[in-house]
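Working notes for the structure below.
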Amino acid sequence: MNVGRNDPCPCGSGKKYKKCCYLREKPPVMQNLPPEVIKKFQDMQANENERRRKYGDVRPIIHAKHQGHDFVAVGSELHYSKKWKTFPDFLLSYIAKRLGGDWGNSEIKKPLEQRHQIMQWYDAMCHFQRRQQRDADGIYKIVPNGAFSAYVLLAYDLYVLKDNRALQDDIIRRLKIPEQFQGARHELFTAATCIRAGYSIEFEDETDSTRKHAEFVATHKQTKQVIAVEAKSKHRPGILGFPGSRKKEEEVKLGVTSLINKAVLKLSGIPLVIFVDTNLPPSFAKRVFDKRYISEEFKEALDKVQADSNGKDLFNLVVFSNHPHSYGGVEEDDSSRHTTCVYSMKPLIVPQNAQCIINIDTAARQYGNVPNEFPVDFNG
């Protein structure tokens, strides 16, 4: 689609194209500059476009190297080390500091089966690393197993929230409580996804008992569209620290209707987006998610919710996700992740800007994309 510079921007912001997305998509006008300078600007613009495509609307990694140390800024914090060779090296250091050394050391003293889920992932990741070979530069080049992916992706989501000034002490506290870990982890994924989609996050005051609260309210930074966001996670016996034994796959059911019903009760007069963690075994998830159109299981669940609301949808988007890191064996590669987004065709509340909702769909599929390297230095 050809859009004139003075036409309304296709993103729906209400601004002219030249004063909105044009600034992101087009390189600055550069006249009378040496060709090598123009080339460098073009390379920087291409690099930024690719970064946003892979990682979403998060801040670029703020990194510098000085006297053998790597420095990384995270929000208002500055972290540094001589040992980091890659960005994941930094993340492994970052999560340890964020969770606290005392807590981690106390967990390691416990028998493995009694440790927190995070520290079980850490143990499996360390054993996995020891069996790998480093290259000539001392870097691991491997396909991670489930525990490795789970631990690094948790670290990356914590980093994204902190770097974008959206991390609360309370979510760290809840992550450490075994009974609350699964829900807190899914809430963390939900918030990181909204940040990738270009939203700022404002957590609700849960101590206010005068009204119902969504997980948080998100404002799209470019268009100012405000939405309510709710996160729900399906507990299954024997998975992510939930008590009981794993069920056989033929005994597993999707079972998420009640979660969605609870979420729509939080309706607050603004568009509602619901994130549902299905927590399914990988082979079951493949059958449900790998469809050209919405699967019968998801359609049935949403039809039941709609039937309870007089034919109108109390939500605008439901993001069904499945990140089955914990289902894989120690020697197995990380299982495939799945996402299906279902848009309401009959929403009770219509957003002023639909593109903002679509951006969440895109951002949810970016989960799992973590930079392997520190940014390229364009100053040299």
Side-chain angles (χ1 to χ4, degrees), residues 74-75 77 91-92 94-108 110 114-123 147 149-196 199-209 211-218 228-244 256 258-260 262-263 265-266 273-279 319 321-326 364 367:
V74 186
E77 300 174 351
L91 289 177
L92 297 181
Y94 177 76
I95 187 175
K97 291 181 180 178
R98 185 57 60 201
L99 294 176
D102 291 343
W103 178 80
N105 290 331
S106 67
E107 287 292 321
I108 288 175
K110 300 176 183 178
Q114 295 178 19
R115 294 178 197 172
H116 190 285
Q117 178 67 68
I118 295 174
M119 298 310 293
Q120 290 186 29
W121 284 342
Y122 174 76
D123 181 84
S149 286
Y151 193 77
V152 171
L153 290 172
L154 172 61
Y156 184 60
D157 281 353
L158 287 170
Y159 158 80
V160 166
L161 260 69
K162 183 65 176 178
D163 194 46
N164 290 269
R165 307 182 191 281
L167 185 62
Q168 289 189 318
D169 291 339
D170 186 60
I171 201 167
I172 299 291
R173 178 188 66 82
R174 289 167 49 221
L175 282 171
K176 295 179 183 179
I177 301 173
E179 297 79 13
Q180 297 185 30
F181 167 71
Q182 183 180 343
R185 177 65 187 97
H186 183 53
E187 183 181 322
L188 183 62
F189 158 74
T190 299
T193 297
C194 289
I195 290 171
R196 286 193 293 270
Y199 287 82
S200 59
I201 304 297
E202 182 179 350
F203 288 92
E204 295 276 66
D205 180 8
E206 297 293 343
T207 63
D208 179 7
S209 59
R211 62 185 181 88
K212 295 177 180 178
H213 299 273
E215 224 73 63
F216 55 82
V217 171
V229 180
E230 184 67 10
K232 295 296 181 185
S233 188
K234 179 68 177 179
H235 290 292
R236 301 194 187 276
I239 302 297
L240 293 173
F242 198 70
V256 297
S258 62
L259 297 179
I260 302 172
K262 290 178 182 178
L265 292 176
K266 306 292 182 73
V273 175
I274 305 170
F275 285 74
V276 179
D277 168 27
T278 59
N279 195 15
V319 181
S321 62
N322 202 65
H323 307 145
H325 308 298
S326 292
Y367 174 76

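What you see is a predicted model; the values in this text were computed from it and never measured.
Taking every heavy atom of both residues into account, Phe189 and Arg196 meet most closely at CE1-NH2, 4.0 Å. Residues Ala155 and Ile95 come closest through the heavy atom pair CB-CB, 3.7 Å. Heavy atoms only, all atoms of each residue included: Leu99 and Lys176 are closest at O-NZ, 2.6 Å. Shown here for Met119 and Ile108, the closest heavy-atom pair between the two residues is CE-CG1, 3.8 Å. The heavy-atom pair separating Ala166 from Phe203 by the smallest distance is O-CE1, 3.1 Å. Residues Ile201 and Cys194 come closest through the heavy atom pair CD1-CB, 3.8 Å.
Atoms CZ and CZ, from Phe242 and Phe181 in turn, are 14.5 Å apart once rounded to the nearest 0.5 Å. Here the CD1-NZ distance, from Ile274 to Lys262, works out to 13.0 Å after rounding to the nearest 0.5 Å. Between the CG atom in Leu91 and the CG atom in Asp157 there is a gap of 10.0 Å [rounded to 0.5 Å]. The structure places CD of Glu215 at 4.5 Å from CD of Glu230, a figure rounded to the nearest 0.5 Å. The NZ atom of Lys232 sits 11.0 Å away from the OG1 atom of Thr190 when rounded to the nearest 0.5 Å. The structure places CD of Gln117 at 12.0 Å from CG of Leu175, a figure rounded to the nearest 0.5 Å.
Looking at Arg174 and Glu187, a side-chain N of the basic residue comes within less than 4.0 Å of a carboxylate O on the acidic one, giving a salt bridge.
At a threshold of 4.5 Å between non-hydrogen side-chain atoms, the residues Tyr94 and Val74 count as touching. Side-chain contact check for Arg98 versus Glu77: some heavy-atom pair is nearer than 4.5 Å. Annotation: side chain of Leu158 is in contact with side chain of Leu167 (closest heavy-atom distance under 4.5 Å). Within the 4.5 Å cutoff, the side chain of Asn279 has no heavy atoms near those of the His235 side chain. At least one side-chain heavy atom of Arg115 sits under 4.5 Å from a side-chain heavy atom of Asp123. At a threshold of 4.5 Å between non-hydrogen side-chain atoms, the residues Ser321 and Thr278 do not count as touching. Between Gln120 and Ser326, every side-chain heavy-atom pair lies at or beyond the 4.5 Å cut-off. Considering only heavy atoms from C-beta on, Ile118 comes within 4.5 Å of Leu154 through its side chain.
No donor-acceptor pair under 3.5 Å is formed between the side chain of Arg165 and the backbone N or O of Gly75.
Partners of Ser149 by side-chain hydrogen bond (donor to acceptor under 3.5 Å, both in side chains), not counting sequence neighbours, listed by chain and number: Asp334. The side chain to side chain contact (heavy atoms under 4.5 Å, CB included) search around Ser258 returns none, not counting sequence neighbours. With sequence neighbours excluded, the residues forming a side-chain hydrogen bond (donor to acceptor under 3.5 Å, both in side chains) with Lys110 are Glu107, listed by chain and number. Evaluation of the salt bridge (Lys or Arg N to Asp or Glu O under 4.0 Å) rule for Asp277 yields no partner, not counting sequence neighbours. Scanning for side chain to side chain contact (heavy atoms under 4.5 Å, CB included) contacts around Asn164 gives Val58, Arg59, Val160, Ile195, with sequence neighbours left out. Evaluation of the side chain to side chain contact (heavy atoms under 4.5 Å, CB included) rule for Ile177 yields Arg173, Glu179, Gln180 as partners, not counting sequence neighbours.
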Can you check ring-ring contact (aromatic ring centres under 6.0 Å, His included) on Trp103 and Tyr122, steps first, answer last? CA-CA 13 Å; Trp103 178 80; Tyr122 174 76; over 10 Å; no
Full working for side-chain contact (heavy atoms from CB on, under 4.5 Å) between Val273 and Phe275: CA-CA 7 Å; Val273 175; Phe275 285 74; 3.7 Å; yes
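Counting heavy atoms of neighbouring residues, nucleotides and ligands inside a 6.0 Å radius, atom OH of Tyr156 exceeds 12 of them.
Applying the side-chain contact (heavy atoms from CB on, under 4.5 Å) test between Arg185 and each of Leu153, Ile171, Leu240 identifies Leu153 as the sole match.
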